[in-house]
2 protein chains.
Amino acid sequence: MARAATTTDAFNAIAEVSRREILEVLTDGEAAVGDIVERLRLTQPQVSKHLGVLRTVDLVRCRTVGRRHLYRVNGAALRPVHDWVRTFEAHWNERLDRLDDLLDDLLAEPPQEET
Amino acid sequence: MARAATTTDAFNAIAEVSRREILEVLTDGEAAVGDIVERLRLTQPQVSKHLGVLRTVDLVRCRTVGRRHLYRVNGAALRPVHDWVRTFEAHWNERLDRLDDLLDDLLAEPPQEET
DNA sequence: ACATCATATGTTGATATAGGCATGTGTCAA
DNA sequence: TTGACACATGCCTATATCAACATATGATGT
């Protein structure tokens, strides 16, 4: 099998650098496709397709004004990612981990209840 | 070109569900490959390969005890992801966004012929 | 209607994947 | 040394991508 589709969830969608950059641009507020094309150095089809992926996972939403499609971030779609990553905060914030590692090293005895 | 390598960065590495699950298992502490194989329902080569990816991006670290390879999480490697996602917190925490969305919708809706 | 602007979509080609299975490497025990 | 155990790695196939170019859709203005 191949990799999971980029449109599977936010995790897969934000794996691509260009898509993260697009989201960063949209942090400044709504932007049309052309604006994004200018600010990043991507072709229009590239941006449109990336936006399509982001739309599928609801990371961005679109509003049409005349012939311009104005995109904006829907940060809520990033919550699952945020929450998931957050559960690992302890693993870089707490010094206890260092102690834990040390204990693990000290306790590293080959288990004998086998065989 | 194809998608960026899963070993490019943490973003790509955690895009895969199995790899996230492996990291979750390791939240309980060190675990050998066989332990992970048992707790998740994956084959041993699958787990080994996923661990290889996680090792490449330094999301896990390994320590060998006898013939067992004990893996543990290196949460620090998730910091870039955490920090990046965190910049979007405002987009789901602030009520102002709701108001913004509402205004956008009101300004964008062309008259419909539904009635 | 027509030309033009702003986006979306389709196609092709190269590439990296993930699963399945087999096999290699390294360790322990007798 | 031999065998069993724990894990890593190699090969294969199907698949989903991403860039690039071309083209279709849709709205605007004259």
Is the shortest side-chain N/O distance from Tyr71(B) to OP1 or OP2 of dA8(D) below 4.0 Å?
yes

Can you see if the side chain of His50(A) gets near the phosphate of dA19(D) - specifically, an N or O under 4.0 Å from OP1 or OP2?
yes

From [atom1] of [X] over to [atom2] of [N], roughly how many Å is that when rounded to an integer?
X: Leu54(B); N: dA8(D); atom1: CG; atom2: C1'; answer: 15 Å
X: Leu51(A); N: dT9(C); atom1: CG; atom2: P; answer: 11 Å
X: His69(B); N: dT25(C); atom1: NE2; atom2: P; answer: 14 Å
X: Lys49(A); N: dT7(C); atom1: NZ; atom2: C1'; answer: 12 Å

Taking [X] for its side chain and [Y] for its backbone only, find out whether a donor-acceptor pair lies under 3.5 Å.
X: Thr27(B); Y: Glu24(B); value: yes
X: Arg72(B); Y: Ala31(B); value: no
X: Asn74(B); Y: Arg61(B); value: no
X: Asp9(A); Y: Asn12(A); value: yes

Interface residues of residues 12-22 of chain A with DNA chain C (non-hydrogen, below 4.0 angstrom)
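Here the set is empty: none.
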
If you measure from CD1 on Ile36(B) to CG on Leu51(B), what distance do you get to the nearest 0.5 Å?
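Reported to 0.5 Å precision, the distance equals 4.5 Å.
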
Shortest side-chain distance from Pro45(A), nucleotide among dT9(C), dG19(C), dA8(D)
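Shortest atom-to-atom distance from the side chain points to dT9(C).
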
Residue Arg68(B), side-chain atoms from C-beta onward, closest of dG20(C), dT4(C), dC7(D):
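So the side chain of Arg68(B) is nearest to dC7(D).
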
Hphob cluster co-occupancy, Val57(A) + Ile14(A), side-chain heavy atoms under 4.5 angstrom:
yes

If hydrophobic clusters are built from ILVMFWY residues whose side chains come within less than 4.5 Å, do Leu78(A) and Val53(A) share one?
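As far as the 4.5 Å side-chain criterion goes, Val53(A) and Leu78(A) are not connected within one cluster.
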
Would you kindly check whether a donor in the side chain of Arg67(A) faces an acceptor in the base of dC5(C), or vice versa, at under 3.5 angstrom?
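For Arg67(A), whose side chain was compared with the base of dC5(C), there is a donor-acceptor pair (under 3.5 Å).
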
What's the shortest heavy-atom distance between His50(B) and Arg19(B), and which atoms?
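Closest approach of His50(B) to Arg19(B), heavy atoms only: ND1-NH1, 3.2 Å.
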
Of all of residues 31-44 of chain B, which get a heavy atom below 4.0 angstrom from DNA chain D, listed by number?
Ala32(B), Val33(B), Gly34(B), Gln44(B)

Residues touching DNA chain D, which here means a heavy atom under 4.0 Å, drawn from residues 2-11 of chain B:
Ala2(B), Arg3(B)

Look at the aromatic rings of His82(A) and His82(B) and report parallel, tilted or perpendicular, splitting at 30° and 60°.
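Plane angle under 30°, so parallel.
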
On DNA chain D, does the nearest nucleotide to Met1(A) precede the nearest nucleotide to Ser48(B) from the 5' side, or the other way round? Give the residue.
Ser48(B)

Is any side-chain heavy atom of Asp83(B) closer than 4.5 Å to a side-chain heavy atom of Thr87(B)?
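No, their side chains stay 4.5 Å or more apart.
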
Is the closest side-chain heavy-atom distance between Val47(B) and Leu40(B) below 4.5 Å?
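Side chain of Val47(B) against side chain of Leu40(B), heavy atoms only: no contact under 4.5 Å found.
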
